[in-house]
Amino acid sequence: MLWDTVGTVNISSIRSRCAKVEAKCQFLEENPKHLSKQFLKSYIIGIIGTSVGLSLLVFGVGDNLGIFLIIFSWIYTGFLYKEIKKLTVDMIKLQIAKQKNWIYNPDEDYSKWQKLSQIYPELFRMGNEKQYIEDQFWGNMNYKNKIFYFHSGLFSYDVVTRDSKGRRHSTTYKKHFFNIYVSKSINCKFILTPESMFDKIGNMFSKKEINTESNRFNKTFAFTYQGPKEEQSQHIVKVLTPAVQEKLLSIHDRKKNPQILFNDNVISFMFDGTLFKKLHTNFKKSLDLDQRDVDFLTHELEDILDITTEMVQYLD
């Protein structure tokens, strides 16, 4: 059984997409020297292009052309590194999914972002161009004798601005998320975000600030919710017990910009950046999966489920 945050999972379509990733990996297994040959070729192109470019610069012949040649000659190397990193991440996640009987989809999914942004605008209505979800997992995990269903992925979006001269500037942002289904419904919808000066000023005027027993928690997180404070605060404080607060502070210290959304039967965790900051599996050396990468993803999910388990026991 699979659970999706906003709809159903087309398993047959996803498996056909994953087959393309597996085909690339199989090709590399059958041709173990292919990557090293491609990188050697790219280095030769880069060295030749750099030599010619530097010669043009030294002799003062076409300065712009010399710089262009140096940059252009290393584009293929950069492309190879980007492609091999993407393939490595896809294969790591695909093999982890097989080990744990999960479903993994590496493709960019614009329609999934549209649905998520409609239901969870607090987390997914960001950017003004190129919004999509990729690297999605669907599965379940047994944690402390309880089965939890989850949907996770990587949210990508661009923020495009124009300066005073009308020139276009684009910045790409990545956020990874875990959506956890809980059997008990949360009686109010609210989101926790790292507190900023704007939050403090806003709460001062709106009189919606909620204080818990922990001063550090109050200084670290800001609450956003709809409805009267008297009614909503009772539900919020009931969920955020002292033990939960400590666990949330711990994850705040370890992860970048944590955002936690509580909505009906779903608890969503979102963090800045990609899930894997460092890969131990190196396809340039070996196509074998490094167990440390599997352990890392398992540990990340267990951290989320540890907080979820603590919360759920106090829900009605």
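Ring centers of H176 and F155: at least 6.0 Å apart, outside the cut-off.
Summarising the geometry of D163 relative to H169, their closest heavy-atom pair is OD2-NE2, 2.9 Å, with the distance given to 0.1 Å. Shortest non-hydrogen contact noted between S42 and W74 is O-CZ3, 4.4 Å. Contact detail for K189 and I119: the closest heavy-atom pair is NZ-O, 3.9 Å. Closest of all the heavy-atom pairs between V21 and P106 is CG2-CG, 4.0 Å. D158 and S170 get closest at one heavy-atom pair: OD2-OG, 3.5 Å. Taking both residues in full, the closest heavy atoms of I96 and D293 are given as CD1-O, 4.0 Å, listed atom of the first, atom of the second, then distance.
Using a 3.5 Å distance cut-off with no hydrogens or angles, the side chains of T274 and K175 do not pair a donor with an acceptor. Side-chain atoms of Q26 and E30 form a donor-acceptor pair, as typed in the model, at a separation below 3.5 Å. In the model, D306 has no side-chain atom that pairs as donor or acceptor with a side-chain atom of T308 under 3.5 Å.
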Note to self: Could you walk me through whether L249 and E246 satisfy the side-chain contact (heavy atoms from CB on, under 4.5 Å) test, starting with their C-alpha distance in whole Å, then the side-chain angles of each, then the deciding distance to 0.1 Å, before giving a yes or no?
What the structure shows: CA-CA 5 Å; L249 285 170; E246 286 301 314; 4.2 Å; yes
Note to self: Pair E302, M141 - check side-chain contact (heavy atoms from CB on, under 4.5 Å), show working.
What the structure shows: CA-CA 9 Å; E302 285 178 345; M141 189 168 181; 3.4 Å; yes
Next item on the list: Check the pair I267 / L261 against side-chain contact (heavy atoms from CB on, under 4.5 Å), numbers first and verdict last.
Entry: CA-CA 6 Å; I267 302 177; L261 175 65; over 6 Å; no
Margin query: As a quick check of understanding, evaluate salt bridge (Lys or Arg N to Asp or Glu O under 4.0 Å) for K255 and E300, giving each step before the final call.
Written below: CA-CA 10 Å; K255 304 281 284 185; E300 289 289 302; 2.7 Å; yes
Notebook entry, point to check: Would F137 and K93 count as a side-chain contact (heavy atoms from CB on, under 4.5 Å) if you check the C-alpha gap in whole Å, the side-chain angles of each, and the deciding distance to 0.1 Å?
Noted result: CA-CA 9 Å; F137 278 113; K93 293 183 175 181; 3.4 Å; yes
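Using a 4.0 Å cut-off between charged nitrogen and carboxylate oxygen, E108 and K130 do not count as a salt-bridge pair. For E134 and K112, the salt-bridge test fails: no basic side-chain N is under 4.0 Å from an acidic carboxylate O. Salt-bridge formation is detected for the pair D290/R292: a Lys NZ or Arg NE/NH1/NH2 atom is positioned less than 4.0 Å from an Asp or Glu carboxylate oxygen.
Shown are Y143, F269, W102; of these, the ring pair (Phe, Tyr, Trp, His ring centres under 6.0 Å) with F150 is made only by W102. Among Y181, F177, F178, the single residue meeting the ring pair (Phe, Tyr, Trp, His ring centres under 6.0 Å) criterion with H151 is F177.
Ring planes of F217 and F221: tilted class, angle from 30 to 60°. Between F39 and Y43, the ring planes are tilted. Angles from 30° to 60° get that label. Using cut-offs of 30° and 60° for the angle between ring planes, the F276 and F296 rings count as tilted.
No more than 12 heavy atoms of other residues, nucleotides or ligands lie within 6.0 Å of NZ in K20, so this atom counts as exposed by the packing criterion. For NZ of K144, the number of neighbouring non-hydrogen atoms (other residues, nucleotides, ligands) closer than 6.0 Å is greater than 12. For N101, the CG atom counts as loosely surrounded, since its 6.0 Å shell holds 12 or fewer non-hydrogen atoms of other residues, nucleotides or ligands. Other residues, nucleotides and ligands contribute only 12 or fewer heavy atoms inside 6.0 Å of the NZ atom of K278.
If you take OG on S152 and CG on L275, they are separated by 7.5 Å, rounding to the nearest 0.5 Å. Going from atom CD1 of I304 over to atom CD1 of I251 covers 4.0 Å, rounded to the nearest 0.5 Å. The CG atom of L57 sits 9.0 Å away from the CG atom of L69 when rounded to the nearest 0.5 Å.
With hydrophobic clusters built from ILVMFWY side chains whose heavy atoms lie under 4.5 angstrom apart, Y120 shares a cluster with Y173. Linking Ile, Leu, Val, Met, Phe, Trp and Tyr whenever their side-chain heavy atoms come within less than 4.5 Å leaves L2 and I180 in two separate clusters. Under the 4.5 Å side-chain contact rule for hydrophobic residues, Y132 and Y104 do not share a cluster.
At least one donor-acceptor pair under 3.5 Å links the side chain of N265 to the backbone N or O of V182. No donor-acceptor pair under 3.5 Å is formed between the side chain of N31 and the backbone N or O of K33.
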